[in-house]
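Written out below as structure tokens is the structure these notes cover.
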Amino acid sequence: MLIQLTEDCTHEELEKITALAEKAGFKTSKVDTHNASYIICSGKGEFDPRRIGTLKGVKDVHMVEDENKLVSRLWRVNDTELDLGDGAVISRDNLTVAMGPCSIESEEQVQKTVDFLLKNQVKIMRGGIFKPRSSPYSFRGMGIGGLEIFARHCREKGIKIVSEVMQVSQIEPMYDLVDIFQVGTRNAQNFNLLDALGKTDKPVLLKRGMSSTINEFLASAEYIFSSGNERIILCERGIRTFEKAYRNTLDLNAIPLLKEKSHLPVFCDPSHGVGVRRFVEPMALASVMAGADGLLMEIGEVPEKATSDAQQTLSFEEARQALFKMNKTFELKKELSFKFLSE
Ligand code: PEP
Ligand code: MN
């Protein structure tokens, strides 16, 4: 059960509501986000929700059987929309695309990427400045200096920035320079980091852990929400399986399932998902058809020369063609679902 409190709910009213829920056998947790306050009732209680619904201080009561209640669609039936400003709105009505290099490497690279994005109406640029690398001897990112260059060029042109944060201490220096904090697959269950991001008011793009089940993935999102931040994007990026023919197994099944189970926007990252340049576009198109609200893709002027993830980076020309096809696919998907619904 999930109880939404009124804005003016007093301490006494809160105590009454909590006492009643606990008496009925529930374990209660109070959650305050930037938008609202809730009481999460977990466990099994014997209860007629109408008894609590009439109490002062209660706005609404929802019977949410799901384990991860705040991110569940069982109480919030409409999709969560995120307005990033400058016309960048993440919503089911339009396909959001974030493109850029795996790693920020130089000012020239940022400048050229921004030019490409502007020319092609892409509103969000991706780029890592703290890089989680499998080998400690690989390039590990330019750090905050790189993010300053990244931000200088993007801010000027109204392009939004998504970049990975790897640890709690990086949140503060990154805060003013990013529009979306990215949590990478390796940190998807770093609960301290998720809690800390829950205390900020910036959107968080949460990658699926490479071995996370759907429930574990949603639980990670629940951590962020229950710490106070409702602005979350789920991102499928492939999971580890026995298959070695490509980098990861992009779990397209996850997309419609997450859309059904959660009200949060769902993105797909076909670049890391398949990890092979020539398969990135087809997997992007498939993910649009599967219902993704947005895509995260690695691109570069000379992909072969990228310091990290060269093998999955699209050239600007490949990215331009992929964008054209992704937008067409999105329109087709909308048309098909509209026709289906009106029949
Ligand atoms: C990335 O997007 O730069 C990245 C490292 O992705 P992942 O965490 O999904 O491997
Ligand atoms: Mn990468």
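First listed ligand is number 1; within each ligand, the first listed atom is number 1.
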Discussion item. Do Met326 and Leu295 make a side-chain contact, defined as non-hydrogen atoms from C-beta onward lying under 4.5 Å apart?
Written reply: yes

Discussion item. Classify the ring geometry of Phe116 against Phe316: parallel below 30°, tilted from 30° to 60°, perpendicular beyond 60°.
Written reply: parallel

Under 3.5 Å, N/O to N/O: give me all the pairs between ligand 1 and the protein, one per line with atom names and distance.
from, atom 1, to, atom 2, distance (Å)
ligand 1, 2 (O), Arg126, NH1, 2.8
ligand 1, 2 (O), Gln182, NE2, 2.9
ligand 1, 2 (O), Lys207, NZ, 2.9
ligand 1, 3 (O), Arg126, NH2, 2.7
ligand 1, 3 (O), Lys131, NZ, 3.0
ligand 1, 6 (O), Lys207, NZ, 2.8
ligand 1, 8 (O), Thr185, N, 2.8
ligand 1, 9 (O), Lys207, NZ, 2.7
ligand 1, 9 (O), Arg237, NE, 2.6
ligand 1, 9 (O), Arg237, NH2, 3.4
ligand 1, 10 (O), Arg186, NH1, 3.2
ligand 1, 10 (O), Arg237, NH2, 2.8

Discussion item. Within the structure provided, determine whether Glu281 and Met297 are in side-chain contact (heavy-atom separation under 4.5 Å).
Written reply: no

Worksheet, complete the sentence: Rounded to the nearest 0.5 Å, the OG1 atom of Thr33 sits from the CZ atom of Arg231 at a distance of 11.5 Å

Worksheet entry | Nearest to the Mn ion (ligand 2) - the N/O/S atom of Asp309, by atom name | OD2

Worksheet entry | Glu298, N/O/S atom nearest the Mn ion (ligand 2) | OE2

Item to complete: May I ask you to check whether over 12 heavy atoms, not counting those of Glu22, lie within 6.0 Å of atom CD?
Response: yes

Worksheet item: Going by atom types alone, do Arg247 and Gln312 pair a side-chain donor with an acceptor below 3.5 Å?
Response: yes

Worksheet item: Does any donor atom in the side chain of Tyr175 or Asp201 lie under 3.5 Å from an acceptor atom in the other side chain?
Response: yes

